[in-house]
Asks: 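Sharing a structure below in structure tokens format, with a few things to ask.
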Amino acid sequence: MPELPEVEVVRAGLEPAITGATVTAVQIFDERSLRRHTAPAEDFVDRMIGSTFAAPRRRGKFLWVPVDPSRTDSALVVHLGMSGQVLLREPDAAVDRLTRISIDMTNPEHGPVRVDFVDQRIFGSMALDTLVESGDLPGDLVPSQVRHIARDPMDPNFDDARFFTRLAARNTGIKRALLDQTLISGIGNIYADEALWASRIHYDQPTSALSRPRAKTLLAEVRLVLGKALAEGGTSFDAQYLNVNGESGYFSHSLNAYGQQGLPCPRCGRMIVREQFMNRGSHFCPWCQRVRGAN
DNA sequence: CCGGACTCCTGGTTGC
DNA sequence: TGCAACCAGGAGTCCG
């Protein structure tokens, strides 16, 4: 499941190839991948062709590429959903069966390139959207679809104090809060479980009863887990995720809790369990991670 | 504000 | 072998 590290790897890989490139052709193989484009597919194609991209940007799991920034306030917004991949291909390379959108472009330095949006489950999407003020920093522009998304913990402008305040004001469970992209973005099921395991916090620990020191530990562990994944090039145990060069970037060996049910906890040796929570699996060590009172 | 249910979706796996 | 049921979950929406 692409989370912040995987999306960042895609962004970084795309940057040298598409910054300054001009779109020459667009093929839509499946219009469902344009679900978040509010106008018809023809509108998407018409506006894309001839457009020149600025450097790709990211907030949480959202990626966007400003289009002709001096002339327009548009951006190509990309979300990978559950199974999305953005692949950089030679213009004459074969098109993968699950390719939903294919974009041909010319880069003034590198010549013709092709970007393929491949997505098995079609939870991901591409869309052209309007850039608007983010509202938290003057002059900071984000696509309107991304405006409600909080800054992610790797963002230099992430406000730790504000996060702790908002977290403490919540009346909910900690994992639910971690997965709430309007509170903190970029964290999905895998890294939520990993950061909670590292912090020895139970997924259903009430946020209101989570002490400030433990919240600080958790945020630090979130950053460690994301940073480690970033350094390793993203996680994908099921090889759904490929980076922009089509190289598999998985390192499931470094997971301590996610998908480790039935295996010994790397810390205490007791068995990791998996429970259904929020319509998804939660993996944790029942010994190390227990719900605590106001401590 | 909160949480639960529901929707989108299909390849791989499991079970008979 | 063949087929159907089941599973994975990011994010948005709706409802009580």
Side-chain angles (χ1 to χ4, degrees), chain A residues 1-8 10-11 28-38 41 58-64 77-86 96-101 117-127 129 142-150 152 165-196 203-210 222 226 229 234-242 248 250 252 255 257-262 274-284:
Chain A
M1 331 300 152
E3 304 181 25
L4 185 154
E6 293 79 13
V7 180
E8 175 56 23
V10 170
R11 191 208 64 76
I28 310 297
F29 298 105
D30 197 320
E31 295 195 3
R32 292 174 297 179
S33 291
L34 289 175
R35 182 172 296 124
R36 296 177 71 103
H37 184 76
T38 50
R58 183 190 55 74
R59 178 180 282 202
K61 305 171 197 172
F62 281 84
L63 181 68
W64 69 92
V77 184
V78 184
H79 196 287
L80 301 178
M82 287 290 299
S83 53
Q85 305 166 29
V86 179
D96 187 284
R97 188 169 56 91
L98 299 173
T99 301
R100 312 300 185 188
I101 297 171
F117 183 68
V118 179
D119 189 8
Q120 180 212 117
R121 275 168 263 192
I122 322 188
F123 281 6
S125 63
M126 282 187 162
D129 191 17
V142 297
S144 68
Q145 294 175 8
V146 181
R147 199 171 184 277
H148 66 293
I149 302 294
D152 63 65
T165 305
R166 292 181 68 198
L167 186 67
R170 296 257 168 146
N171 192 13
T172 189
I174 187 61
K175 183 170 177 182
R176 207 179 283 279
L178 281 184
L179 294 176
D180 182 346
Q181 306 295 305
T182 69
L183 177 66
I184 183 171
S185 70
I187 304 168
N189 204 37
I190 295 177
Y191 298 120
D193 281 0
E194 289 299 308
L196 288 168
Y203 65 82
D204 212 12
Q205 168 75 37
T207 51
S208 53
L210 186 72
V222 163
L226 295 179
T235 299
S236 177
F237 53 91
D238 60 3
Q240 280 287 4
Y241 171 75
L242 304 177
S248 181
Y250 65 92
S252 53
L255 295 175
Y258 185 86
Q260 307 301 299
Q261 62 272 23
R274 179 182 192 277
E275 286 180 5
Q276 280 294 122
F277 177 69
M278 286 178 74
N279 246 342
R280 49 171 65 76
S282 270
H283 314 73
F284 68 106

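Here is the naming used below: chain letters follow the sequence lines, and residue numbers restart at 1 for every chain.
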Asks: Whole-Å distance between B:dC6 C1' and A:M278 CE?
Replies: 14 Å
Asks: Measure CG/A:D193 against P/C:dA8 and give the value in whole Å, please.
Replies: 13 Å
Asks: Could you tell me whether the phosphate oxygens of C:dG12, OP1 or OP2, come under 4.0 Å of any side-chain nitrogen or oxygen in A:R36?
Replies: yes
Asks: Would you indicate what A:R274 reaches in the nucleic acid, counting non-hydrogen atoms under 4.0 angstrom: base, sugar-phosphate, or nothing?
Replies: sugar-phosphate
Asks: With a 4.0 Å cutoff (strictly under), does any side-chain N or O of A:R35 reach OP1 or OP2 of C:dA11?
Replies: no
Asks: Could you tell me whether A:L179 contacts a base, only the sugar-phosphate backbone, or nothing, with contacts defined as non-hydrogen atoms closer than 4.0 Å?
Replies: nothing
Asks: Would A:D152 and A:R58 pass as an ion pair if we require N to O under 4.0 Å?
Replies: yes
Asks: Of the candidate nucleotides C:dG9, C:dA11, B:dC2, which contains the atom at the shortest distance from the side chain of A:N189?
Replies: C:dG9
Asks: Between A:H79 (NE2) and C:dG9 (P), how many Å, whole number?
Replies: 15 Å
Asks: When you compare the side chain of A:V78 with that of A:V7, does any pair of heavy atoms fall below 4.5 Å?
Replies: no
Asks: Write down the distance between NE2 (A:H283) and C1' (C:dG9), rounded to a whole number of angstrom.
Replies: 11 Å
Asks: Determine: side-chain N/O of A:R280 to OP1/OP2 of C:dA8, distance under 4.0 Å, yes or no.
Replies: no
Asks: If you pin A:N279 and A:H148 to their nearest nucleotides in DNA chain C, which one's is more 5'?
Replies: A:N279
Asks: How long is the line joining CG of A:D204 and C1' of B:dC2, in whole Å?
Replies: 13 Å
Asks: Measure the distance between the ring centre of A:F123 and the centre of the six-membered base ring of C:dG10, then answer whether it is under 5.5 Å with planes under 30°.
Replies: yes
Asks: Counting just side-chain N and O atoms, does A:S83 come under 4.0 Å of either OP1 or OP2 of B:dC9?
Replies: no
Asks: Can you check the A:D152 CG to C:dA11 P distance for me, whole Å?
Replies: 12 Å
Asks: Does B:dG11 have OP1 or OP2 sitting under 4.0 Å from an N or O in the side chain of A:R97?
Replies: yes
Asks: Among A:R274, A:E275, A:K175, which residue meets the side chain to side chain donor-acceptor pair (under 3.5 Å) test with A:S282?
Replies: A:K175
Asks: Would you say A:Y258 reaches C:dG9's phosphate, i.e. side-chain N/O to OP1/OP2 under 4.0 Å?
Replies: yes
Asks: Over how many whole Å does the gap from A:K175 atom NZ to B:dG3 atom P extend?
Replies: 15 Å
Asks: With respect to the side chain of A:R170, which nucleotide from C:dG12, B:dT10, B:dC2 is positioned closest?
Replies: B:dC2
Asks: Would you say that A:E8 contacts A:L226 through its side chain, given a criterion of any heavy-atom pair below 4.5 Å between the two side chains?
Replies: no
Asks: Which pair of non-hydrogen atoms, one from A:I187 and one from A:A192, has the smallest distance, and what is that distance?
Replies: CG2-N, 3.6 Å
Asks: Between C1' on C:dG10 and CZ on A:F62, what's the gap in Å once rounded to a whole number?
Replies: 9 Å
Asks: Could you work out which one of B:dG3, B:dT10, C:dG9 sits closest to the side chain of A:I122?
Replies: B:dT10
Asks: Determine: side-chain N/O of A:R176 to OP1/OP2 of B:dG3, distance under 4.0 Å, yes or no.
Replies: yes
Asks: Considering every strand and a 4.0 Å limit on heavy-atom distances, what is the contact class for A:G124: base, sugar-phosphate, or nothing?
Replies: nothing
Asks: Phosphate oxygens OP1/OP2 of C:dA11: is one of them under 4.0 Å from a side-chain N or O of A:Q181?
Replies: yes
Asks: Report yes if the side chains of A:H37 and A:M126 come closer than 4.5 Å at any heavy-atom pair, otherwise no.
Replies: no
